[in-house]
Each structure stands twice: as structure tokens, then as C-alpha cells.
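Residue numbers begin at 1 in each chain, while the letters A, B, ... track the order of the sequences.
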Amino acid sequence: MFAFSRHFSRRRSSIFSEHQQIFVPFSEQQQQRNLLESRLVSVLHGCNDHNQIKQVHAHLLRKGLGQCSFLLTKLLRMLTKLNVPMEPYPRLLFDQVQQPNSFLWTALIRGYSLHGPFIESILLYNSMRLEGTRPVSFTFTALIKACTAILNLDLGRQIHAQTISIGGFESDLYVGNTLIDMYVKCGILECGRRVFDEMPERDVISWTSLIVAYTKCGDMEAAAGLFDDLPVKDMVAWTAMVTGYSQNAKPREALRLFERMRDSGVETDEVTLVGVISACAQLGAAKYATWIRDIAEQAGLGPATNVVVGSALIDMYSKCGSVEEAYQVFKGMNERNVFSYSAMIVGFAMHGRAEAAMQLFSEMVETETRPNRVTFIGVLTACSHVGMVEQGRRLFATMKEVYGVLPSADHYACMVDLLGRAGHLEEAHELVKSMPIEPHGGVWGALLGACRIHGNADIAETSANHLFELEPNGIGNYILLSNIYASAGKWDDVSKVRKLMRKKGLRKNPGCSWVEAKDGVIHEFFAGDMTHPKSSEIKLALEELLHRLKLHGYKPNLSCVVYDVSDEEKQRLLMTHSEKLALVFGMLITSDGSTIRIVKNLRMCEDCHTVMCGASGIMRREIIVRDNMRFHHFHDGICSCGNFW
DNA sequence: CTAGGGTTAG
């Protein structure tokens, strides 16, 4: 009674037109419906498979409520939420209703728009219109989502037109947001932008959709501009920006923004962490690795409990040079999925630990987790990095037959790399020619790379010509070909390639290496760059190191210099390679006996590789270098790659 | 009903 009077007084003070209906006595059927409805909601809440929903449906039928759109809509929504395939059961449930209302139609359309067949949702919309049922705003969000799923811009535009012609739906916030997402996913950012600009009201979701769109096409300035203008930033918006920087190879900006995010008191969840962890992985610095690991643990999102964070951490530790730490994370995870296994296998492969990669693969196939295309990339590169040709051939043959994974162009690239690196250049070339799918840049690039190792200028030329067509702006290809010509002493051809590059306005990416000081500060060195405050010290130390190495038989490898200059000049140029500067600086600033970790943006040159080997021996230092391809662990004068790279 | 995510290659 008390509760009622409270309810009463509250309603009285609110809008009159609404509360008049409240006191109309419910019909018996209405009361029964209300009772059922509240019972249903609680029962449905606890449903976790579709047989329970079938029981609820059977109950409704017994009560003679099988035609009630309202209740059936709830059932359909729950079925959709439980990922029950639309056919046969949910569809059957709908088909039994003679006069479905807008909401029931929409629930059905939405089911198809989420689980497919997507086109069916469009067909259902047509039927709905034919029956004269008026759509509601979320009928359109579902339809637009279906168009997004199949990337069908034509249909999407038609639906967009419908939202306007039927009347006013284009100004609905949800419809607008969904439209932005559709145009963006279909690659028409300008259309998404126009929807955004014309929306009568926007929320943080509209802004975030557009911010993500800009980050995905690499325009971080535009994204940042929008982000600054966004009045209220929530966790998702912050995360979109952090991840955007990370995905656009701007790890420092990502970390800086993450700090700002935390300063603003915004929560961090697993998605945010994944973006930050990936930024740390790019930096390759141990200090950041432990830093973010601690943050994850403190947030209760450590690898033991969170498989997504765990997989990202595995990748990060591998890329920071600590496969062992990565493996510790892997072993400590309570749940592992294909991402965790693949990340770990790829990690082993990067470090040349082929046996470990193969061992983990065989453990994986004993579990429920099925290997996917990335897993096979991992095991194939593992074989490739140590020259296990036979093993790789077998894997390649079984991936389709045993595991049902169709070899993609990427897998062919791995095979070409494996064969070519091991010296089977002709066989690799034949494999490319026999491919059932069109070879992409990766395939020809692998062949070109193998030609560089084995000095085959003919196949190199063929590969390069394909590459120039496929990747006209791929600067690396021109450099590689020119280097191959240079090693063969074909200076005329070298200048031809150089001319071609000039004509296209392409410039070589500067080589860049960085090394981490004890305090976690990262020092960056560019090739030939002598602007570092300690440059003269570095130069002296490098000269001394090279002098000592020469006493042990080191000879500068002049063929690593691809310019036609005097030998003295070549020697001088070799000394300016960024990885050598980073190495010497690392030795200057870290204590004796500690490991030096260097990251390089391009492939390390042979001469630097030799110097690293020698330095690890005479300076008694463990040196770990990550170049753009893989890791080299130098210890006691030898490298983990066995000079096979 | 609408927005952010993990493993990939020369």
C-alpha cells in the first residue's frame, strides 16, 4: 500500500497525458501477459542454450500466446544473443505468427543481419514493406549493419535513401552512427564524414566512429584534430586514439596518449591494454615491457586470467628480445587459444628457435585448438630461418590435407623464402610459376631476397620487374635490386635502377637503430648521423673496437656498400651504419657484462653482423639485435642464426 | 539498436 502511494504521488507530479492510462484497469489477458512477461524476462535471463528457449516458447503456446508479437520478440532477441543460427528454429518461430508487428519483424531482420545470411535481412525488409508494416529506427540499424557485413555499398545507399524517404529516420542518432560505420567500412570516408556533419545531434559514438576511420587510413592528424574537439571522451574514444597511434607505427605517441588517458582518470580495459602492449612491442624495450605488464596485473587483466592480454604479452616479450619471458607468460596462462599458440610459435620462429616452434606446434594439434593460417606462417618461417627444407615441405603439404587450411599467397611466400634461402632458387622460381593463385609482392619479394643471398642477378631481375608492377612505390625493392647489381659489380645496371628511383621520386628510408639505456631512455641513431651529443666518444670507441677486431682477423666487408666509391670511402661509410653506432653507444652506457639490446628498422648488413659477432666475443657481451625480420643473439663470438639469415 | 582489439610475410 505504501509502495503504491509513493508510486502514485510520483506519477501525479509528472506529465499528465502519460499517467492517465496507468489507472485504466488491465484486462485479464493483459494482466496475464504482464505476469508472463516479467516471469519471462527473468527466465530468459538465465537461458544459456536454445532448448530452454524452446521450452519457454512451448509454454507460451500452451497459454495461447503464440501470436503475441511482444513476447516472441523477446524470444527472438534472446536467440540472436545466444548466436543460434536463424534457420531453422528462430525463423520457424517467426513464421508461425500471422501478423507480426514492427518489432517482431525487426528482431528477425536483426538476427539475419548479425548471423547471416545477410542478404535475407534485406529480402525480409521488402516483405515487411509489402505487408504494410512500418519500420522503426532499429530496423534500419540492422539493415545497414547487414550491408556493412557484406560490404555492399549499393544496397547500403538504397537503405540510406529509404531512411529519408520513409520519413525522418536519417536524423535518428543510432541510424546516423550506423551509417557512418557502414560508409567507413566500405572505404568511403567522405560519405561517413558527410553523415556526421549533417547529423542533428551527435554523441561520443559518432565521434569515435569517425576518429577510427581516420586512424585506419593513416591520417592521424585528422583523427587527433577530431579527438581534441570531442567534448566528452570516454574509454573507447581514448582507446581508439591510442590504438590508432600504435597501428600507425607511432608507438611513442601511443604511450604518451595512454599516460594522458590515465591522468584523466579514465578506466583501462583489455582493449586499451592490447593497443599499448603492441606499442611497447614495437619499441622493443624491456623497460616498457615490465611497466605495462605491471599495469595489466594491477588492473586484474594479467595473462593468467585474460587470454587476449596474454597473447599480446607473448608477442611483446618476443619482440622485446625475451622469448623465454614470452614462454613463461604462455605457460602461466589458464586459457590458450589459437592466438596464444600462434604468437608463441611466431615468437620462437623470430628467434630462430625452430625446434621449440615445431614442438609447440605438435603440442597444439593435440589440443582442441585448431591451427589457422597464421600458425602455419609461424611454423613455415621457423623452418625457413634454420633451413629445415624437408620439414617445411611436409608442413606445406599437410596444412591443406590434414588441417584444412588453404595455402594463401603468404604461405607461398614462406615456401619461396624457405627454398630460396636454402639455395634452391630454381625450384623456388618454379613454385612461383606453378601457383594456383596470383603471386603477390611478398612472393616475388622472397625470391628477390633469396637472389640477394645467393647472388643470382637473372632471377632477381625477373622478380624485381614483377615487384615494380605490383608495388611501384616499394622503395625496398629498388634498393635490393640495386644492391644485387652492385655485389655483382654491374655498376651500369645499378645506375639504371638509381635513375628509375629518381624518376619516381623515391628516396631511400634512412637506416635507424635504437638502444635502451639502463634508465629506460631510448637512444636513437640514424645512419651517418653524427648529431648525438656523444658522437665523438662513439666514433673513438668504434675505431678502437674495429682495431681490436682486425687483430682477430676481421676485414671490413666492402661489398656491403652499394655505392661505387673508393675503398677508403667504403670503409668510412661502413662505420656510419646505425647499428654500429647503437652498439658502441650501448657498450659505453651500460655496465660490463650486461646484455645490449638493439632494434633496427631495416635489415642488418653483413658487415655489421660480423662486427656484432666479434664484439660479443672480445667484449664478453651478450648482444641481441632485432632487425625488421628477426632476432640475432650474439654470444661468445657466434650468432644464434648460424650466419643463415 | 550504434563506437575501440590479439597472432602474419619479402
Option from A:Thr141, A:Asp203, A:Thr208, A:Asp172 for which side-chain hydrogen bond (donor to acceptor under 3.5 Å, both in side chains) with A:Asn177 holds: A:Asp203
Sugar-phosphate, base or nothing in reach of A:Glu471, heavy atoms under 4.0 Å: base
Options B:dT2, B:dG6, B:dG4, nucleotide nearest the side-chain atoms of A:Ser311: B:dG6
Nearest listed nucleotide, side chain of A:Ala240, among B:dT8, B:dG4, B:dC1: B:dG4
Residue A:Tyr174, side-chain heavy atoms: nucleotide from B:dA3, B:dT2, B:dT7 that is nearest: B:dT2
Stepwise side-chain hydrogen bond (donor to acceptor under 3.5 Å, both in side chains) check, A:Asp181 with A:Thr178: CA-CA 5 Å; A:Asp181 189 55; A:Thr178 321; over 6 Å; no
A:Arg336 bridged to A:Glu363 by N-O distance under 4.0 Å: no
d(NZ, A:Lys233; P, B:dG4) in whole Å: 18 Å
Closest nucleotide among B:dG6, B:dC1, B:dA3 to the A:Val308 side chain: B:dG6
Any A:Lys145 side-chain N or O less than 4.0 Å from OP1/OP2 of B:dT2: yes
Nearest to side-chain heavy atoms of A:Asp315, which nucleotide of B:dA3, B:dT7, B:dG4: B:dT7
Side chain of A:Met235 (C-beta onward), nearest among B:dG6, B:dA9, B:dG4: B:dG4
Sugar-phosphate, base or nothing in reach of A:Arg603, heavy atoms under 4.0 Å: nothing
A:Phe227 atom CZ: more than 12 heavy-atom contacts under 6.0 Å: yes
Length of the line joining A:Ile159:CD1 and B:dC1:P, which is rounded to integer Å: 20 Å
Sugar-phosphate, base or nothing in reach of A:Gly347, heavy atoms under 4.0 Å: nothing
Whole angstrom value for the distance that separates P of B:dT2 from OH of A:Tyr183: 19 Å
Among A:Phe94, A:Phe138, A:Tyr125, the one residue meeting ring pair (Phe, Tyr, Trp, His ring centres under 6.0 Å) with A:Trp105: A:Phe94
Gap between atoms CD and P, on A:Gln282 and B:dG6 respectively (whole Å): 11 Å
Sugar-phosphate only, base, or nothing, as touched by A:Asp181 at under 4.0 Å among non-hydrogen atoms: sugar-phosphate
N/O (side chain, A:Lys216) to phosphate O (OP1/OP2, B:dG5) under 4.0 Å: yes
Sugar-phosphate, base or nothing in reach of A:Ile314, heavy atoms under 4.0 Å: nothing
d(NE2, A:His385; C1', B:dT8) in whole Å: 12 Å
Sugar-phosphate only, base, or nothing, as touched by A:Val307 at under 4.0 Å among non-hydrogen atoms: base
Residue A:Val374, side-chain atoms from C-beta onward, closest of B:dA3, B:dT8, B:dA9: B:dT8
Atom-to-atom span, NZ of A:Lys74 to P of B:dC1 - whole angstrom: 11 Å
Side chain to side chain donor-acceptor pair (under 3.5 Å): pairs with one or both residues in residues 303-313 of chain A, sequence neighbours excluded: A:Glu270-A:Asn306, A:Ser311-A:Ser340
Derivation of the side-chain hydrogen bond (donor to acceptor under 3.5 Å, both in side chains) call for A:Thr272 and A:Asp269: CA-CA 5 Å; A:Thr272 322; A:Asp269 74 355; 3.0 Å; yes
CE-OG distance between A:Met399 and A:Ser408, expressed to the nearest 0.5 angstrom: 6.5 Å
Atom pair distance, as rounded to whole Å: CG in A:Asp203 and P in B:dC1: 14 Å
Those residues of residues 268-278 of chain A lying under 4.0 Å from DNA chain B by at least one heavy atom: A:Asp269, A:Glu270, A:Val271, A:Thr272, A:Val274
Residues within residues 333-346 of chain A bordering DNA chain B, heavy-atom distance below 4.0 Å: A:Asn337, A:Val338, A:Phe339, A:Ser342, A:Val346
Single hit among A:Lys185, A:Met199, A:Arg194, A:Arg193 for side-chain contact (heavy atoms from CB on, under 4.5 Å) with A:Ile180: A:Met199
Interatomic spacing from OG in A:Ser121 to NZ in A:Lys145 - rounded to 0.5 Å: 12.0 Å
d(CD1, A:Ile377; P, B:dT7) in whole Å: 13 Å
Under 3.5 Å side-chain donor-acceptor pair for A:Tyr317 and A:Gln328: no
Sugar-phosphate, base or nothing in reach of A:Asp234, heavy atoms under 4.0 Å: base
